[in-house]
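Scroll down for the structure; my scribbles are underneath it.
Each ligand, and each atom within it, is numbered from 1 in the order the structure gives. Throughout, numbering of the chain's residues begins at 1 and tracks the sequence. Being a predicted model, the structure only gives us computed values, none of them experimental.
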Amino acid sequence: MKYLDYVKNNLPSLEGKLYLVTGANSGLGYSACKTFLHQGASVIMACRNLDKANKAKENLLKEFPNGKIDIIHFDQADKSSIEELPQLIKKYPRIDAVILNAGIFHPGKNLYTKDGYSLTVGTNFIGLYFAVEALKETFKEGKIKRLVLVSSIVSHFGRSAHYEKYFRKEHRSSFKQYAVSKRMILEYGLYLSTSLYGQVEVTLCHPGLASTNIVGGEATSFSKRFQYAGKKFMHKFGNSADKSSLCLVEAAIKTPANLGYFYPKHFFHIRGIPKEKRLHLSEKKYRRLLKSLSYL
Ligand SMILES: NC(=O)c1ccc[n+]([C@@H]2O[C@H](COP(=O)([O-])OP(=O)(O)OC[C@H]3O[C@@H](n4cnc5c(N)ncnc54)[C@H](OP(=O)(O)O)[C@@H]3O)[C@@H](O)[C@H]2O)c1
């Protein structure tokens with residue numbers, strides 16, 4: 001089914017709803033904002049680069065001239081920026097879902113966040129963890145209805161008995177670092193769905209494979225040739241960014257929520273429209289992660 005057909009036939013009106021999306025200036029985050037606006041919702045784009053965010057907003061407004069779009073600054077590789085999040089959303093009485101989507105894949109060697117964490121794991125997981133910590137009071141107030149975490153199909157390759165090994169030291173394989181960061185997100189989501197039960201609903205998703213800046217943007221250190229080939233490959237075998245982002249959108253709006261996991265239905269779950277499964281919760285699945293978190 002085509003993206004627009006899915007939106008028209010499967011998604012409800014989202015009039016009056018408000019969604020916050022991190023990493024919203026490109027790729028899946030941008031596409032998710034587009035879908036929310038299409039269904040009548042308002043969006044808050046939480047981005048690290050305000051110029052890019054303003055350009056993205058301009059583009060969205062061309063398509064949705066009456067769209068309500070706010071921009072806030074959010075750098076998931078900088079704890080001090082992350083900690084400003086509760087203050088920046090104070091003026092909104094209620095947010096229907098916060099979608100923690102920002103992420104990077106292959107940023108280059110020997111790069112660290114402002115706080116000294118290895119860049120991929122530091123941005124994708126540790127920054128996300130700090131964001132959840134920062135929002136905990138807001139969850140208690142009941143202001144945020146749902147939290148969506150974005151993992152990846154490659155999280156299968158990211159299991160580790162000692163996640164803390166990846167916190168301050170890069171692994172030689174950037175694929176492994178990325179897979180570990182996405183595995184931690186998955187396990188952390190399982191944990192949050194119980195520890196935050198009654199305060200905020202938690203859902204998880206993985207978007208399959210989509211041709212975005214994740215392999216072909218400024219934030220990657222792939223050679224130009226690889227970026228070109230990677231984007232072509234993802235385009236041929238995966239989804240468009242719009243279609244993959246439907247997994248994020250469904251995770252943000254569909255009930256029942258707790259432990260719902262949304263991912264593409266077809267071709268080894270890398271393409272197609274969203275499918276939902278309910279994850280089986282067992283403390284065993286996140287015990288190691290919790291131990292590693294004590295190193296932060
Ligand atoms: N595309 C796929 O096939 C795929 C598959 C599985 C999972 N995912 C996940 O989906 C999410 C979105 O990726 P995408 O494919 O849409 O890639 P993308 O087009 O590169 O988008 C990533 C977004 O995250 C932002 N970002 C990166 N580092 C950030 C930071 N430190 N603080 C705040 N924002 C930051 C980027 O901002 P800038 O523009 O400023 O860099 C960009 O807006 C990621 O978490 C990715 O791991 C993607």
Indicate whether the side chain of [X] and that of [Y] have a donor and an acceptor atom separated by less than 3.5 Å.
X    : Y    : value
Y263 : E250 : no
S181 : N124 : yes
Y3   : N239 : no

Do any nitrogen or oxygen atoms of [X] lie less than 3.5 angstrom from nitrogen or oxygen atoms of ligand 1?
X    : value
N49  : no
N124 : no
I104 : no

Nearest to [atom] by heavy atom, [options]: which?
atom                    : options                : answer
atom 24 (O) of ligand 1 : S181, G103, S81, G127  : G103
atom 28 (N) of ligand 1 : M45, R48, Q76          : R48
atom 5 (C) of ligand 1  : G238, G208, A210, S152 : G208

Is a salt bridge present between [X] and [Y], judged by a nitrogen-to-oxygen distance below 4.0 Å?
X    : Y   : answer
R146 : D96 : no
K55  : E58 : no
K114 : D78 : yes

Just jot down the ligand 1 atoms closer than 4.0 angstrom to any heavy atom of [X], in number order.
X    : value
F74  : 32 (N), 33 (C)
G27  : 16 (O), 19 (O)
P207 : 4 (C), 5 (C), 6 (C), 7 (C), 8 (N), 48 (C)
S26  : 18 (P), 19 (O), 21 (O), 42 (C), 43 (O)
Y178 : 6 (C), 7 (C), 8 (N), 9 (C), 46 (C), 47 (O)
M234 : 3 (O)
K182 : 9 (C), 44 (C), 45 (O), 46 (C), 47 (O)
L209 : 3 (O)

If you measure from each non-hydrogen atom of [X] to ligand 1, which part falls under 4.0 Å: side chain, backbone, both or neither?
X    : result
C47  : neither
V150 : side chain
D75  : both

| field | Check: L186 and Y261 side chains under 4.5 Å, non-hydrogen atoms | value | yes

| message | Under 4.0 Å, counting heavy atoms only: does S244 come that close to any atom of ligand 1? | response | no

| said: Quick check on N25 - does any of its heavy atoms sit under 4.0 Å from an atom of ligand 1? | reply: yes

Which heavy atom of the protein is the closest neighbour of [atom], given with residue, atom name and distance?
atom                    : answer
atom 38 (P) of ligand 1 : K52 NZ, 3.5 Å
atom 10 (O) of ligand 1 : L28 CD1, 3.4 Å
atom 34 (N) of ligand 1 : A102 CB, 3.4 Å
atom 44 (C) of ligand 1 : N101 O, 3.2 Å
atom 13 (O) of ligand 1 : I214 CD1, 3.9 Å
atom 23 (C) of ligand 1 : G23 O, 3.6 Å
atom 15 (O) of ligand 1 : T212 OG1, 2.5 Å

| Test applied, side chain to side chain contact (heavy atoms under 4.5 Å, CB included); reference residue, P274; option that passes from S245, C247, S244 | C247

| field | Interatomic distance, K291 atom NZ to R288 atom CZ [nearest 0.5 angstrom] | value | 8.5 Å

| said: Using 0.5 Å steps for rounding, measure from the CE atom of M184 to the CG atom of L149. | reply: 13.0 Å

| task | Quick one: sort the F167 and Y117 rings into parallel, tilted or perpendicular, breaks at 30° and 60°. | result | perpendicular

| message | Would R183 pass as a cation-pi partner of F157, given that its NZ or CZ must be under 6.0 Å from the six-membered ring centre and within 45 degrees of the axis? | response | no

| query | Can you name the nearest heavy-atom pair linking H106 to S174, along with the distance? | reply | CD2-OG, 2.9 Å

| remark: Between T123 and T113 the two heavy atoms that sit nearest each other are N-CG2, 4.1 Å

| task | Under the side-chain contact (heavy atoms from CB on, under 4.5 Å) rule, what do R271 and F267 come out as? Steps first, then yes or no, please. | result | CA-CA 6 Å; R271 63 186 294 164; F267 198 55; 3.6 Å; yes

